[in-house]
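Following: one structure in C-alpha cells, then a few remarks.
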Protein chains: 4
Amino acid sequence: MRQRDDNKRLALLEATLELVTEQGFSATSVAMIARRAGVSPGTVYIYHADKDALLIATFLDVCDRLIDTAIEQVDSRLGLREQLRRVWVALFEVAVESPRLFRFHDMFSHSAWMTDELTQRNDQRLAPLLDAVAEGQRQGVIKSVELSLLEAFLFRPIHHLVQSRGCHPFSPSRANIDMAFAMAWDAVALDHRASSPESTP
Amino acid sequence: MRQRDDNKRLALLEATLELVTEQGFSATSVAMIARRAGVSPGTVYIYHADKDALLIATFLDVCDRLIDTAIEQVDSRLGLREQLRRVWVALFEVAVESPRLFRFHDMFSHSAWMTDELTQRNDQRLAPLLDAVAEGQRQGVIKSVELSLLEAFLFRPIHHLVQSRGCHPFSPSRANIDMAFAMAWDAVALDHRASSPESTP
Amino acid sequence: MRQRDDNKRLALLEATLELVTEQGFSATSVAMIARRAGVSPGTVYIYHADKDALLIATFLDVCDRLIDTAIEQVDSRLGLREQLRRVWVALFEVAVESPRLFRFHDMFSHSAWMTDELTQRNDQRLAPLLDAVAEGQRQGVIKSVELSLLEAFLFRPIHHLVQSRGCHPFSPSRANIDMAFAMAWDAVALDHRASSPESTP
Amino acid sequence: MRQRDDNKRLALLEATLELVTEQGFSATSVAMIARRAGVSPGTVYIYHADKDALLIATFLDVCDRLIDTAIEQVDSRLGLREQLRRVWVALFEVAVESPRLFRFHDMFSHSAWMTDELTQRNDQRLAPLLDAVAEGQRQGVIKSVELSLLEAFLFRPIHHLVQSRGCHPFSPSRANIDMAFAMAWDAVALDHRASSPESTP
DNA sequence: GATGAATGAGTGTTCATTCAT
DNA sequence: CATGAATGAACACTCATTCAT
C-alpha cells in the first residue's frame, strides 16, 4: 500500500497556479496540469473530484497563503495604522516574490467559479484583521462605513497595484508602497491631520 | 466579414454579454451565443473572425458604453472634484441599470484575453478624463503620484463597489455613493481641509 | 444549408448492428461505429443524443424490421394455425438472410438497457398478431393461458432456434421449420388430434 | 492466483452477480465489485486473471448452482415426464429465491462473452439430464428431433418465464408451473392422449 | 448573406491493471 | 497475501470552425 503523496498534492496545486496564470482557465487542460506536475492525468482524480475542484482547491491554497501573510502582521499591541501598514508591506513583498498568487486570486475571484461561500470562508480566516478594523471604527480612528467601502480603499488597491502591468505600472519601492498606503489611510481615517500628517506635506 | 444587418451585430454582442456574465467564458459556446442572438452558428463567423474576436468585440463595446458614460460628465468649466463626482454618480447609475456591463468588464479584464493593447485603446478614449486629472496634479489639487495610484483609489473602487455581492454588499444610495466618492477624494486630494471638509467633521 | 442525410442515419444504425453483434456493447465504441458508418464521431451526436440513444434507436429499428415481417403474414381470412406457421417461416427466412437482427435483438433485450417501455411499444406494434392469438383463445383453438406462456412456446422458440450455434445447431430446412412449428402448436393448441394430426403420427 | 481465503473468493462472485444484474456489464467496474466484496481492487487480481475471467467464473458458478438444482431431480427410477416436471419445479423455486441467478445467466449467455466452449462444459455437467431425454427418445416417449428443438421447448421456456417482467408477468404458482410444464410436454411428447391427458380436457 | 450539417481535434474523465509498500 | 495509489490508454462527448446548399 502506497501512501498518498503530499509532494504530488502540492505539485498539482503549483502546476495549476502556474498554468492558469499563464494561459487562463479554459486554455489550461487537466492533461497539461498533470504533465507539469509530473503525474498522470488519472492521478489528478485521486486528489480532486474534477477540474473544478482542483481549481477551487488551488484558489483556497492561494487565499490561505495571502491571508496568512496578512494575519501574521496583526498585533493588537500596535496602533491600527501601523498594523495595516505592515500588512500592506508584507503583501507587496509576497507579490514581488510570487506575483502569480495575486494574479490567480484576481482571475479566480472575477470568474464564474467564485461563490459567496468562498468569500465567507476567507472572511472567517481574516477575522483577526477585520476585528482590528472594526475596533478602529469603534474607537473613532477610521470612518464608520460599510465593510465594502473599507475593502475598496484598504485592501482592493493592493490587488490593483500589484497587478498593474504594461501601461501604468506601479513600482513597488518602499517609498511608493508607503505613499500608496498613506493614500489608503487618508481614505479611511477619520482625522487626517493627526493620523497621517506626512501625507499632506 | 463586412456586415449588413446591424441588428444581428448588436444581438450577437448582447447575447455574448448575457451568456458570459451568466455562465462564464468557457461554459459559453459559440452555438449558445448564436441561438440566443437568433442566428445560426455559421453567421457568427460572418461578423467575427473567431470566438476570441467576438469576445474582444463585446469587451470593446462594453468599454465604450462605460467610457462614454464617464466622458460625458467631463466639463472643464467645473472643478475637478465636481467633475469626478459626476463621473462616479453616472457610472453607478449605469451599474444599477445594466449590472452586466461592469461584470463583463471585470471578468474580461482579469482574464487571459486582456492585453496592454486593449488597455491603451481605452486610455486613449478616456483621454479627456485623464487630462483633467493630470491638470489637477499640475495645479496642486491632487497628489502628484503615478497614474496607477490614482487609478487604484479613484477608479477601481467603483468596480469593486459595483460588483460587491452577497456578504459585503454596497447599497448604491445617493448618500452612500457620496461617501464613497468622498473617501476616494480624500485619498487623492492634496489638502483635505480645504477640499473635502465634509469628510472630516 | 445541408439537409440531414438519411443515408448517414441508416449507415449509423447498420454499423451499430454489425459492430455490436460482432463485439458486444461495451467493446463497441462510438468512434468505431462512426468509422464503420463512414462519418465523423461528432456526426453521431447530430443524429443521436448519446451512445445509449444510438443503441436504443438501433434496437427499435431491428424490432420494426422483425415485427413488420411477422405482421405481414397476419391475414384474418386464414386459420390461426396457418397464420402462425407463415409468421414462423417468414421469420426464419429473415434469420437466414440477416442473422444479425435476431442476435442484436436478443443481446439488447437481455441487457441492462431493456425497459418495460420498450416492451410495451413493441407489443403495440405487434397488436394484429396478438389480437389474432387472443381471438384463437376465445374460439377455443388454443389454450386460455397467460400471454407469457404463449410467448414462451410460440415466439421465444424462434429466437432460440435462430440463435443456436456451435454445439446444438438447428438447421433451418423447410422440414425442420415445419416440425419446430408443429411442436409449438402442440404446446399451445387445445385439441391436438384435430389441429395437428401430422405431429402425432 | 492460488487463493487462500474462500470467503473472499465467494464474496467476489456474489458481488459480481449482484452488481452485474443491477447495473449491467459495462456499468460494473472492478473497483465497484471489490468495494462490494469488501476487498481492495488489487485483490481481485489475486483470485482472477482479469475482469473477463471474473465474469466467466461468476457465470460458471451460477451455471453450477442451476445445473446442480436440475440434476438433483434426475432419478432414473421415475418416468421421464415426472423427472422433467421435478426439474421444472425445482428451477422455479430457485428462481423465486434467487432471481439474480437466472438474470445473470441470461445476460451473460446473450453477451459477447458467451462461447461454445462454455456451452459444452455445461452440457457435460448436464449429461444425466440429457441422457434421460435421449433415453426417452429411444423409447418413443418423446419426439426424435434435434437437441436444439428439445431445448427450445423443454428448457428455454423456463428462462423466459422466470425472467418475464413488467408487462407480461408469469406468476409462478404451483398450478401455473404445472400448466407451463404440461405445455412443454405437449410440445415434445410423442403421444399426447396417453401421456398428458390433463392438457387436453 | 445566411444556414446548419458536418467535421475532427481536443476535452474531462474513467477504469482495468500494476506494483511499491 | 493484501492493499490502494498510480498509471495511461481509451472512452464518450463537445465545440470552434468550415462549407455545401
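Here the structure is a predicted model, which means the values were calculated and not measured. A note on names: the letters A, B, ... follow the listed sequences, proteins ahead of strands, and every chain is numbered from 1.
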When the distance from [atom1] of [X] to [atom2] of [N] is rounded to whole Å, what number comes out?
X        : N       : atom1 : atom2 : result
Arg9(C)  : dA6(E)  : CZ    : P     : 12 Å
Arg35(A) : dG12(E) : CZ    : C1'   : 15 Å
Asp6(D)  : dA2(F)  : CG    : C1'   : 17 Å
Lys51(D) : dT17(E) : NZ    : C1'   : 12 Å
Lys8(C)  : dG4(E)  : NZ    : P     : 17 Å
Arg4(A)  : dT21(E) : CZ    : P     : 17 Å
Asp50(B) : dC15(F) : CG    : P     : 17 Å
Leu55(B) : dA16(F) : CG    : C1'   : 12 Å

Between Asp5(C) and Met32(A), name the one whose nearest nucleotide on DNA chain E is closer to the 5' end. Asp5(C)
On DNA chain E, does the nearest nucleotide to Asp52(A) precede the nearest nucleotide to Ile46(C) from the 5' side, or the other way round? Give the residue. Ile46(C)
Below 4.0 angstrom, N of the basic side chain to O of the carboxylate: do Arg9(B) and Asp6(B) qualify? yes
Sidechain N-carboxylate O distance under 4.0 Å for Glu22(B), Arg100(B): yes
Determine the contact category for Ser29(C): base if any of its heavy atoms lies under 4.0 Å from a base atom, sugar-phosphate if only primed atoms, P, OP1 or OP2 are that close, otherwise nothing. sugar-phosphate
Determine the contact category for Val44(B): base if any of its heavy atoms lies under 4.0 Å from a base atom, sugar-phosphate if only primed atoms, P, OP1 or OP2 are that close, otherwise nothing. nothing
Scanning all shown strands, the Watson-Crick or wobble mate of dT17(E) with both distances under 3.5 Å is dA6(F)
5' precedence on DNA chain F between Ser26(C) and Val39(D) (nearest-nucleotide basis): Val39(D)
Most 5' of Tyr47(A) and Thr28(B) on DNA chain F, judged by nearest nucleotide: Tyr47(A)
Going from CG on Leu55(D) to CD1 on Ile33(D), what distance comes out if it is rounded to the nearest 0.5 angstrom? 6.0 Å
Decide if atom CZ of Arg121(D) counts as having more than 12 heavy atoms of other residues, nucleotides or ligands within a radius under 6.0 Å. yes
Given dA6(F), is OP1 or OP2 found less than 4.0 Å from the side-chain N or O atoms of Ser40(A)? no
For dA6(E), does either OP1 or OP2 sit under 4.0 Å from a side-chain N or O belonging to Tyr45(C)? no
Passing option when Met107(A) is tested against Phe102(A), Trp113(A), Phe25(A) for side chain to side chain contact (heavy atoms under 4.5 Å, CB included): Phe25(A)
